[in-house]
Amino acid sequence: ATSLTVLCDDTLSTWQYGACESAHILCPYRDDAPCNVVCDHRDACYDLEVTLENENAPFLYLRCSEADSCSHTNVYGARNDTIGIDCVATDACDDINVTAHFAHNVSIHCHGDGDHNVDSYSSCVALNVWAENATNTVQLRCDGDYSCYGVNVYAEYAHHVSVESRGDHGAEGGNIYAAS
């Protein structure tokens, strides 16, 4: 394939599971093949695994736009140009893991407020990012109360690391490793 776009939207389904829940997506193994995964409904990509093995692929993009749409998801990127993840709702990317050790650019944007006094978390709670040797930029932007709560970013040898947290308790209890 010259590109891959996977739309996970189960608004027409009465099934209790998400459209792409527990699926394994292997992005195309071509130098010019972008990979897009869009999770547009609650639990649509719950426990999803997305893998990009081609180090010359232009990008991998994951969009999670509803509550729990990408919770417990694992993203594996190779030495490709860009890995971009947008989590745009409360609970959207709870407990997501991103492995992008040698990617050029890793960009994760988390939107959404949470309230730890009720059963609601913000986007990107317990997010883990491994981008130790990113050749250009590792960027994490957390917008909203409790956004990125308990985040772990391992970017010890990345060229440039940027973490922005806006909102009460954003990135609280988190760890950012960017020593070198």
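Bear in mind the structure is a predicted one, so any value in this text is a computation, not a measurement.
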State whether cysteine residues Cys8 and Cys20 meet the disulfide criterion of an SG-SG distance below 2.5 Å. yes
Is there a disulfide (SG to SG under 2.5 Å) between Cys93 and Cys87? Walk through the geometry before answering. CA-CA 6 Å; Cys93 295; Cys87 302; 2.0 Å; yes
For Leu26, side-chain contact (heavy atoms from CB on, under 4.5 Å) partners two or more places apart: Thr51
Members sharing Leu7's hydrophobic cluster, built from side-chain contacts under 4.5 Å between Ile, Leu, Val, Met, Phe, Trp and Tyr, are Val38
Any side-chain heavy atom of [X] sitting closer than 4.5 Å to one from [Y]?
X      : Y      : answer
Tyr61  : Asp86  : yes
His109 : Gln139 : no
Val151 : Val163 : no

Would you sort out whether Ile108 and Leu127 count as a side-chain contact (heavy atoms from CB on, under 4.5 Å), showing the intermediate values? CA-CA 10 Å; Ile108 302 171; Leu127 165 72; 4.3 Å; yes
Between [X] and [Y], is there a donor-acceptor pair closer than 3.5 Å when you use the side chain of the first and the backbone of the second?
X      : Y      : answer
Thr137 : Ser162 : no
Ser123 : Ala92  : no
Asn54  : Arg30  : yes
Asp168 : Asp145 : no
Thr73  : Cys45  : yes
Ser69  : Tyr46  : no

Could you go through the side-chain contact (heavy atoms from CB on, under 4.5 Å) check for Ile25 and Leu4 one step at a time? CA-CA 10 Å; Ile25 297 173; Leu4 176 66; 3.8 Å; yes
Under 3.5 Å, is there a donor-acceptor pair linking the side chains of His72 and Asp95? yes
Within the supplied structure, the quantity of interest is the number of heavy atoms (other residues, nucleotides, ligands) at a distance under 6.0 Å from Tyr154 OH; does it exceed 12? yes
